[in-house]
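Notes to accompany the following structure.
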Amino acid sequence: HKTGRLGPAIRDYEQALQFSPSDKRLYLRLGVAYFESGNVELAKMHLEKASQLGSEEARRLLASGLEQGR
């Protein structure tokens, strides 16, 4: 993800969630990757899940305007 290769990062995060379906960090990272790739709908979905699991960073991102499609 840090190298800008969002497609492979998204696939890796999705695969990792199969093994750790309650890992808030994976949902957060996946949400950010989807947002950076332009898929706001999937970004919101994953950030909301991360928030439900207790991620304060996901809550901040959602509150900062991601909900409005920025």
Supply the atom-to-atom distance [X] [atom1] to [Y] [atom2], rounded to the nearest 0.5 angstrom.
X: Leu42; Y: Ile10; atom1: CG; atom2: CD1; answer: 8.5 Å
X: Asn39; Y: Lys44; atom1: CG; atom2: NZ; answer: 11.5 Å
X: Glu57; Y: Arg25; atom1: CD; atom2: CZ; answer: 12.0 Å

Q: Report the residue from Leu28, Asp23, Leu26 that forms a side-chain contact (heavy atoms from CB on, under 4.5 Å) with Tyr13.
A: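 Going through the options one by one, the only one that passes is Leu26.
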
- Could you tell me which residues satisfy side-chain hydrogen bond (donor to acceptor under 3.5 Å, both in side chains) with Arg59, sequence neighbours excluded, listed by chain and number?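 If we apply the side-chain hydrogen bond (donor to acceptor under 3.5 Å, both in side chains) test to Arg59, skipping adjacent residues, the hits are Ser51, Glu56.
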
* Asked: Is there a side-chain contact between His46 and Lys49, using heavy atoms and a 4.5 Å cut-off?
  ->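 No. Closest side-chain heavy atoms not under 4.5 Å.
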
Please evaluate residues Tyr27 and Leu47 with respect to the criterion side-chain contact (heavy atoms from CB on, under 4.5 Å), reporting the C-alpha separation (whole Å), side-chain torsions for both, the decisive distance (0.1 Å), and the verdict. CA-CA 6 Å; Tyr27 284 103; Leu47 289 172; over 6 Å; no

